[in-house]
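Heads up, the thing below is written out as C-alpha cells.
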Amino acid sequence: MKPSNMKPSNEAIVAALRQLVAYTKLEDGQSQSFRTRAYDKAIDAINAAPNDVADMSLSELKAIEGVGDSTARKIIEFVERGSISKIDRLKQRFPPTMLELMKIPGLGPKTVVALQDHLGVVDLAGLRRAIANEQLRTLPGLGKKSEEKIAHSIELLGIHSDETRTPIFDAMRIATRVVNDLSRCDAVSQIAYAGSLRRLSETIGDIDILTTTDDPETVLETFTSLAGVTTIMGSGDTKASIVIDDAIQVDLRVVSDAEFGAALLYFTGSKGHNIELRQRALGRGLTLNEYSLSQIDDGAVVAAATEESIYEALGLPWITPELREGIGELTIAEAGLLPKPVVPKMLRGDLHVHTDWSGDGRSTLDEMLQAVTDRGLEYVAITDHGEDLAMNGLSRERVREQQAAIDAARKRYPLLTVFHGAELNIGPDGTVDYDPEFLEVFEFTVASIHSHFDLDPDAQTARLIAAVENPAVNVIGHPSGRKIGARPAIRFDVEAVAEAAADAGTALEINSHLQRLDLSATNLRTVLGIEGLMFAISTDAHHTSELDNITWGTAQARKGGVPIERVVNSLPIREYMAWMAQKRGRSEG
DNA sequence: GCCGTTTTCGGCCCGACTGTTTTCAGTCG
C-alpha cells in the first residue's frame with residue numbers, strides 16, 4: 001500500500017489490528033493466545049479513545065492502558081507506511097482467503113490451518129470441493145458429523161460474520177419480541193436481555209437473553225420452538241442458540257434465581273470488563289464465574305443474586321452496563337470518579353417533540369401533552385418542522401395558528417409548561433427557516449440538518465457553527481445526522497462545534513431514537529471536557545409511544561459519561577428558563 | 001504481547017457444547 005496524505009482514522013487502525021489478530025491466530029494455531037488477547041485489548045482501548053490515535057507519539061501510544069511497545073510501534077508503522085510488516089509477512093504464508101474461512105461458524109484457526117496443510121484448501125471454493133469429495137472427515141480430529149456441520153455452516157455464512165452486525169434499532173425490536181414471547185412461558189421466572197444490547201452498542205452481533213427457572217428443559221424447549229426460529233444452532237442443558245427470522249442469532253442461557261446477578265453480569269460483558277473483574281476477584285482470594293462470586297479455598301458463595309452485591313464484594317460501586325467496555329472503568333469506579341448514571345426520572349422536560357401539525361407527526365397536540373403529563377414531565381417544547389422542510393414544515397400562517405392552539409391547550413394542562421417551539425432546518429450555508437423577526441414568535445427552537453449530508457468537513461463545521469451562533473437557536477438537533485446502519489454521520493469537527501456551542505449558550509442534543517443515538521458516545525467523550533457545554537436529552541418523538549425512547553437517550557448519556565449537571569432538561573423549570581434567557585440576553589448584548 | 005501493593009520475569013479468566021475422544025481438543029462467548 002502506498003503512503004497517503006490522509007492520516008488514518010481510529011477505525012482504519014482498528015481494522016488493521018483486527019487483521020493482525022486474525023493472521024496471528026493462524027500463526028499461533030489457536031484462537032486465544034496471549035498475543036492475540038493483548039492485541040484485542042489494544043483494539044478495545046483504541047476504539048474507546050476520544051482522539052485521533054494517528055496523531056500520537058510512541059510514548060503517548062504506550063501510555064494508553066493495554067497498548068505496549070510492540071503494538072504502539074505497529075500503529076506508528078501503519079500510520080507512516082499504510083501497512084504493518086508483520087501482516088505483510090503472514091500474508092505470504094496464509095492467503096487472505098483463509099481469513100474468510102475462519103469466519104465460518106465452527107471453523108477455528110486450528111482447523112483452517114489443517115485444511116491448508118493436509119488438503120491444500122485455502123478458500124471457500126476449495127472447501128466446498130473438499131466437502132463434496134468427503135475429504136474433511138479424513139483430517140485428524142474431524143469426522144463425518146463435523147464435515148456435515150461445516151457444510152451447513154457455509155449455508156448460514158454471513159449470519160455470524162463481522163460484516164453482518166445488526167443495527168441496534170433492529171436488534172432491540174427482535175430482542176423485545178423474544179423476551180415478550182418467552183415471558184409467556186410459565187416456567188420462566190426472571191428474564192432480561194444482556195450482551196452488547198444491554199451495553200447499548202451501536203450494532204449487535206448476537207442477542208443474548210438470560211432467564212431464571214427451576215425447569216430449564218421446558219424453557220429451552222419453548223425457546224427453540226418460538227415463532228420465527230429458522231435454525232437451531234445448538235441446544236444443551238443450560239443454553240441454546242437459534243437464528244430468528246433468518247436475520248440474527250439469539251443465545252439463551254438458563255440459570256437459577258439465586259444466580260441471576262452473576263449470570264447477568266457475565267452475559268452483559270464486555271469480555272474485557274469480565275476479565276478485569278475476575279482478575280480483581282483473584283486478587284482478593286475469590287473466583288467469579290457466571291454462577292457466583294465465591295471463595296477460592298472453600299467455594300463458599302460470597303455474592304450471586306444481584307450485580308450490585310458482586311460489585312460491592314469486589315470493593316466497587318455498581319457500574320452501569322453502558323460503561324462496561326474493559327477500558328479502565330474499574331479504575332475510575334474505584335476512585336469514585338464515575339458520574340452518577342443519568343436515568344429518565346432525573347429529566348423534567350422534553351425539548352424535541354412533534355405533533356400532527358407537521359406532516360410526519362402522528363399524534364395530536366392534545367395526545368402529546370397528555371402523554372407528556374402522564375410521564376410526569378414539568379415542561380415540553382412542541383417543535384414541529386419549519387417551512388424549509390417542504391413536505392412537513394409549517395407555513396408562517398400555520399405557525400400563528402399553532403401558537404393560538406397551544407395558548408388554548410395550556411389552559412387544559414395547568415401543571416405543564418408548554419413552549420411553542422420549532423425544529424428549524426439548517427441549510428447548506430448554516431441559515432435557518434423564516435427570518436430573524438419572525439423567529440421571535442418561537443419561545444424555543446432546535447435546529448437540525450436534514451439534507452446536504454455530503455459537504456466537505458470544513459463546510460459542515462462552518463454550517464453547524466453558524467446555526468450554533470444563531471440567537472434564535474437553543475439546541476442543535478441530532479448533530480451528526482447519522483442513521484445507524486443506514487446513513488453515515490456527516491464529516492465535521494465536533495470539538496470546534498462544541499466549543500462554539502459552549503460559547504454561544506447553545507446545547508447539543510442527545511437524540512434518543514435508536515436509529516440515531518446522536519451525538520455518538522465517542523463524540524460525547526470527545527467534547528465532555530469543554531467547559532460550559534450543555535446537552536439536551538430529547539426524544540424527537542413523532543408519536544406518543546416514542547416518548548418512551550427517553551430510555552435510550554439516557555442510556556446514551558450514560559455511555560458517553562455525561563453527568564446530569566450538564567443536561568439542561570434536568571433543570572427545574574425556573575432554572576431552565578433562566579438558561580434559555582441567558583442565550584437571548586447574550587446575543588442581544 | 002502486556003504488565004507490576006508478590007513484579008522487569010512469569011504469570012496471564014472461566015465454563016458450555018460438540019464431536020471425537022475413553023479423558024480431551026476445538027470452538028465459542
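Lettering of chains follows the sequences in order, A, B, ..., and the numbering in each one begins at 1.
To the nearest whole angstrom, the two C1' atoms, one in B:dT8 and one in B:dC3, are 9 Å apart. Here, B:dT27 and B:dT20 have their P atoms 13 Å apart, quoted to the whole Å. Between B:dT23 and B:dT18, the two C1' atoms lie 15 Å apart (nearest whole Å). Comparing the C1' positions of B:dG1 and B:dT5 gives a spacing of 24 Å, expressed to the nearest Å. Across B:dT21 and B:dA16, the matching P atoms stand 24 Å from one another, rounded to whole Å. Using P as the reference atom, B:dG11 and B:dT6 are 16 Å apart when rounded to the nearest Å.
Within the model, atoms CD1 of A:Ile248 and OG1 of A:Thr166 stand 3.5 Å from one another, a figure rounded to the nearest 0.5 Å.
Rounded to a whole Å, the NZ atom of A:Lys239 is 16 Å from the P atom of B:dT27. One can place CD1 of A:Ile275 at 14 Å from P of B:dG29, the figure rounded to the nearest angstrom. The CG atom of A:Leu252 sits 14 Å away from the C1' atom of B:dC17 (whole-angstrom rounding). In this structure, A:Ile207 atom CD1 and B:dC28 atom P are separated by 20 Å, rounded to whole Å. Whole-Å rounding puts the A:Leu58 CG to B:dC2 P distance at 11 Å. Computed from coordinates, the A:Arg37 CZ to B:dG29 P distance equals 17 Å when rounded to whole Å. With rounding to whole Å, A:Leu220 atom CG is found 12 Å from B:dA16 atom C1'. In this structure, CG of A:Leu139 is placed 12 Å from P of B:dT21, rounded to the nearest angstrom.
Using a 4.0 Å heavy-atom distance criterion, A:Lys149 is classed as a sugar-phosphate-only contact. Among the protein residues, A:Thr287 comes within range of the sugar-phosphate backbone only, with heavy atoms under 4.0 Å from sugar or phosphate atoms but none that close to a base. If you check every strand for non-hydrogen atoms under 4.0 Å, A:Lys74 touches sugar and phosphate atoms only. Counting any heavy atom pair closer than 4.0 Å across all strands shown, A:Lys144 reaches sugar-phosphate atoms only and no base atom. Contacts of A:Leu277 with the nucleic acid, taken as non-hydrogen atoms under 4.0 Å apart, are absent. A:Gly283 comes within 4.0 angstrom of nothing in the nucleic acid, heavy atoms only. Backbone-only contact: A:Glu290 has heavy atoms under 4.0 Å from sugar-phosphate atoms and none from a base. The residue A:Thr111 sits close only to the backbone: its heavy atoms come under 4.0 Å of sugar-phosphate atoms, none of a base.
Closest to the side chain of A:Lys110, from the set B:dG26, B:dG15, B:dG1, is B:dG26. Counting only heavy atoms from C-beta on, A:Ser70 has its side chain closest to B:dG1 among B:dT27, B:dG15, B:dG1. Of all nucleotides listed (B:dT27, B:dG15, B:dG1), B:dG1 comes nearest to the side chain of A:Tyr39. For A:Asn289, the listed nucleotide lying nearest its side chain is B:dC14; candidates were B:dC17, B:dG1, B:dC14.
Salt-bridge formation is detected for the pair A:Glu334/A:Arg280: a Lys NZ or Arg NE/NH1/NH2 atom is positioned less than 4.0 Å from an Asp or Glu carboxylate oxygen. Of the charged side-chain nitrogens involved, at least one lies within less than 4.0 Å of a carboxylate oxygen, so that A:Arg137 and A:Glu147 count as a salt-bridged pair. A:Asp251 and A:Lys239 are not joined by a salt bridge, as no carboxylate oxygen comes within less than 4.0 angstrom of a charged side-chain nitrogen. We find that A:Arg35 and A:Asp28 are joined by a salt bridge, their nearest charged nitrogen and carboxylate oxygen being less than 4.0 Å apart. A salt bridge links A:Glu307 and A:Arg198; the closest N-O separation between the charged side-chain nitrogens and carboxylate oxygens is under 4.0 Å. Ion pairing of A:Glu276 with A:Arg324 is absent here, as no side-chain N (NZ or NE/NH1/NH2) approaches a carboxylate O to less than 4.0 Å.
When each of A:Leu136, A:Leu119, A:Val112 is tested with A:Leu127 by the rule side chain to side chain contact (heavy atoms under 4.5 Å, CB included), just one qualifies, namely A:Leu136.
B:dG19 and B:dC24 make up a base pair, with Watson-Crick or G-U wobble contacts both under 3.5 Å.
A:Tyr266 has no side-chain polar atom (N or O) that falls below the 4.0 Å cut-off from OP1 or OP2 of B:dA16. Neither OP1 nor OP2 of B:dT18 sits under 4.0 Å from any side-chain N or O of A:Ser146. The shortest distance between the side-chain N/O atoms of A:Ser33 and the OP1/OP2 oxygens of B:dG1 is not below 4.0 Å. Contact annotation: A:Thr71 reaches the phosphate of B:dC2 (side-chain N/O to OP1 or OP2, under 4.0 Å).
Nearer the 5' end of DNA chain B, as judged by each residue's closest nucleotide, is the contact made by A:Lys271, out of A:Lys271 and A:Gly143. Residue A:Asp69 is the one, among A:Arg253 and A:Asp69, whose nearest nucleotide of DNA chain B lies closer to the 5' end (criterion: closest heavy atom).
Here A:Phe34 packs flat against the base of B:dC12; its ring centre is closer than 5.5 angstrom to the base's six-membered ring, tilted by less than 30 degrees.
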